Structure formats: structure tokens, C-alpha cells
There are 2 protein chains.
Amino acid sequence: MSMRKLGRALGVEAMALYHHFPNRTALLDEVVAAIAPEPPAPTSDWRADLAELSRQYRDMVNAHPHLLPVLLSRPSRHERAAATQEAQYAALRQAGLHGSALLDAHRTWGSYVIGYLVVEQQGRIGAHASREWRPAVTVDAPITAELDRYQAARDWDQQFDIGLAMQFDAITALAAGPH
Amino acid sequence: MSMRKLGRALGVEAMALYHHFPNRTALLDEVVAAIAPEPPAPTSDWRADLAELSRQYRDMVNAHPHLLPVLLSRPSRHERAAATQEAQYAALRQAGLHGSALLDAHRTWGSYVIGYLVVEQQGRIGAHASREWRPAVTVDAPITAELDRYQAARDWDQQFDIGLAMQFDAITALAAGPH
DNA sequence: ACCTGAACACCGTTCAAGT
DNA sequence: ACCTGAACACCGTTCAAGT
């Protein structure tokens, strides 16, 4: 996305965009706000709620992968982002967490989700783009070589859910631990 | 970093760089290879080993935050990256994991580390840069409001280790679970 | 109030020309 | 073998000028 290309695509032929948005960053923030989904209504099952919030976020990124750099560069400040964050906190409270422990869980879960999306996009473009650069011989990496036949065992959806379940298990342990 | 600025900084006055590197991407890959630390020798404590590998990676990024986008955009293919990955796998094998379960653990741990680094850089620049954009009133976000006084309870090092411990606990549970 | 066009200060990359 | 300089096709942003 570039201001000039967007102008051209809109027929508006140039950078009249600056009469509607102060700059490129502000325009992209509005785009992010426009595509952000509304958080789902909470149920009594915090795992299901947080899983759904995770899935929503991942679906948004996979629907608009070009926006990932924008999402990574700064926290979203729009109205729905605040509601979504509140819903995430509500799920963790339902899990029995409070105060600093709740924030620990939130940040750890959030880091996993963001990191997974980065790795997923990296993998999706690296897969069908560059077959060129295979590593050399990779001598003395026996475990890497042995694991090669398991590398394709999971698809992206499965892998995301497996890591998510691991986060939820860790959160359960945190809630059951020293309160 | 731009090719023109780098040329200027080297005194070489222009883009003679293309006689040494095919393009900007290749040059940055060499920089990444040059600053990548050697993986530490394994001990008998897989948690300590994987924690050290995590810490090394995080230290590298915090020493060179401008390289994070490069690291996120494609997997590193240099010699030391292969050795580091092998060391990561070795630690997880020491934890009692094999095959697909080992890869599940590796990808989940890796996603957490990468996501944390993204959030950390986002926070480090957002903190001392933009005081300007505070959210509006944020009505009906009671949990968010209540958690506000806990937001600064952890520093970046502590927070990273807490999430790392959660990953390790989830890995332990995975290794103890259905083999 | 909205759009245009030229301008400024940048990019990565190519390529003929110099030494 | 290595570097230069001009050129090409881009950027984001500003600003005076038009309607």
C-alpha cells in the first residue's frame, strides 16, 4: 500500500488523501479499526471465549496479511480494540485470575498469538515463494534431520490450536497455584 | 538503514555496495549472520538450556532492535542458525519429547519468544515516544480500569521470564501426558 | 471545501563509463 | 576488480494554485 497507488486506485488521481487523513499512519489506523471484528458475547466457558477471541484475531490477520506490519508496529487504539481487550481480561478473570497474575497470563497468551501469526505469515509466503534457498548440507544436526519427516504433520489451524491449548493449560496451572 | 545512507556512512559515497552484495536483503542477511550468538553448550538441565537460548535471542534483538523486522520477515539461513535450532531441539528432547510433540513444543515456545519481542519493542518505543494519544474515556471497561494499577508491576526481564516459565510448565505437562 | 501539479527529499536498483 | 554518476521508477509529504 502506498498513498500514490491508493490515490490511483480510487481514480482520485493523486494525493488528495491528505485532505481526509493527516498522514499515511492515520489512514492505516482507520483501516484497522474498520476491519476489526466485534468481540463475541461471553459464555460461562473461559477457554471457549478466549479461544474464540484468538481465532477472531488470527482470522482477521489471515484475511488481511498485509496489515500485520501495521498491527505489530503499534497498539490499536480504536473503540473495538478496547472492548476486545476487556473481553480478553473478562475471560481470564473467569479462569480465576486477578491483578498481576491476570496480566501475566494476558501478556503471555498475547505474545503467543502474535508470535504465531508472525511465524505463520513467514511460513505462508516462504512456502510458495522461495524454493531457491535450501540450507547446505547441515552436517551434525541429527535431531533436525530426524524431525524432518514430522515437519508437515500439522496444518496451520491445528498447530495454532495446540499451542493455544498449551497456553490455556499454563493459565489453569497459574490460577490453581499460589494465589 | 538504507543503501544510500550506508554508502555515505562508509565514505564510499554511493552504491558501490552492489559489487559486494547482490541486493539489500542479502546484505541484511549477512548482518544477521554476523551478530547471531553461538549457542551455549548443553547441560543436563533442559529448562536452563532453553532459558539461556531464549535469553540469547532476546538480548540480540534488544541490542539491535532495528533488525527485528528483518528477523520477522524470513527465517535465518546461516550456519549458526542451524546450530541454534539443533540446540533448541536437543533441550526439548532432554525434556522427554519426541517427533510431532517435540515440534509442537518448539513452535509454541518459539511463537511466545517472537511475540514477546514484538510486544516488547512496541512497548519500548511507544513508551517514551508518544504520550499524545491516550484513549478517550473508555467507559464500560471496568476490568481494564481496575488492572491499570498493576500494569507497571513487572519490568521487561521479569515479564519475559514469567511467560517463559509458563511455556516450560506446559512443555513439562506435554512430556508427562499421553506419549 | 475539495482537488491538482509541481516540488522536495528521499528510496532500491541498473548500467554505461571511468581507473 | 572496483568505484562513480546518471538514470529509472518509485516513496511520503508540503504547498501554492486552481474550481
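Just so it is clear, the structure is predicted and the values come from calculations on it, not from any experiment.
Comparing atom distances between the A/V12 side chain and each of C/dG12, C/dC3, D/dG12 picks out C/dC3 as nearest. Comparing C/dC11, D/dG12, C/dT14 by their closest approach to the side chain of B/Y18 singles out C/dT14.
Ring pair A/F160/A/Y116 is tilted by interplanar angle, where 30° to 60° counts as tilted.
Donor-acceptor pairing under 3.5 Å, judged by distance alone, is absent between the side chain of B/H19 and the base of D/dC2.
The CZ-P distance, from A/R8 to D/dG12, rounds to 10 Å in whole Å. Spacing between atom CZ of B/R4 and atom P of D/dG5 amounts to 13 Å, rounded to whole angstrom units. C/dC2 atom C1' lies 15 Å from atom CG of A/L10, rounded to whole Å. Atom CE of B/M15 and atom P of D/dT4 are 11 Å apart (whole Å). Rounded to whole Å, the distance from CE on A/M3 to P on C/dC3 is 13 Å. Note: CG (A/L17) to P (C/dC3) measures 9 Å, nearest angstrom.
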Exercise answer: donor-acceptor pairs, residues 18-37 of chain A side-chain atoms, under 3.5 Å, sequence neighbours excluded:
| residue | atom | partner | partner atom | Å |
| --- | --- | --- | --- | --- |
| A/N23 | OD1 | A/T25 | N | 3.4 |
| A/N23 | OD1 | A/A26 | N | 3.0 |
| A/R24 | NH1 | A/M1 | O | 2.6 |
| A/D29 | OD1 | A/R74 | NE | 3.1 |
| A/D29 | OD1 | A/R74 | NH2 | 3.2 |

Can you give the donor-acceptor pairs under 3.5 Å from side chains of residues 88-97 of chain B to other protein atoms, not counting sequence neighbours?
| residue | atom | partner | partner atom | Å |
| --- | --- | --- | --- | --- |
| B/Q88 | OE1 | B/H106 | NE2 | 2.7 |
| B/Y89 | OH | A/Q151 | NE2 | 3.4 |
| B/R93 | NH1 | A/E146 | OE1 | 3.4 |
| B/R93 | NH2 | A/E146 | OE1 | 3.3 |
| B/R93 | NH2 | A/E146 | OE2 | 3.0 |

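In this structure, A/R80 has no salt bridge (charged side-chain N to carboxylate O under 4.0 Å, His left out) partners at least two apart in sequence or on a different chain. Evaluation of the salt bridge (charged side-chain N to carboxylate O under 4.0 Å, His left out) rule for A/D45 yields no partner, not counting sequence neighbours.
For the P atoms, the distance linking D/dC10 with C/dA9 amounts to 22 Å, nearest Å.
Heavy-atom distances under 4.0 Å link DNA chain D to B/H20 of residues 20-34 of chain B, given in residue order.
Scanning all heavy atoms of the two residues, the minimum distance from A/E52 to A/P40 falls at CG-CG, 3.6 Å.
Between B/T172 and B/W46 the shortest side-chain heavy-atom distance falls below 4.5 Å. Side-chain contact between A/I162 and A/R154 is present, with at least one heavy-atom pair separated by less than 4.5 Å.
Considering A/Q122, A/E120, A/Q121 as possible partners of A/R124, the one that fulfils the side chain to side chain donor-acceptor pair (under 3.5 Å) test is A/E120.
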Item to check | For DNA chain D, the dot-bracket pattern of Watson-Crick and G-U pairs whose distances stay under 3.5 Å, | for other-strand partners | outcome: ||.|||||...|||||.||
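Projected onto DNA chain C by closest heavy-atom contact, B/K5 and A/A16 fall at different nucleotides, the more 5' of which corresponds to A/A16.
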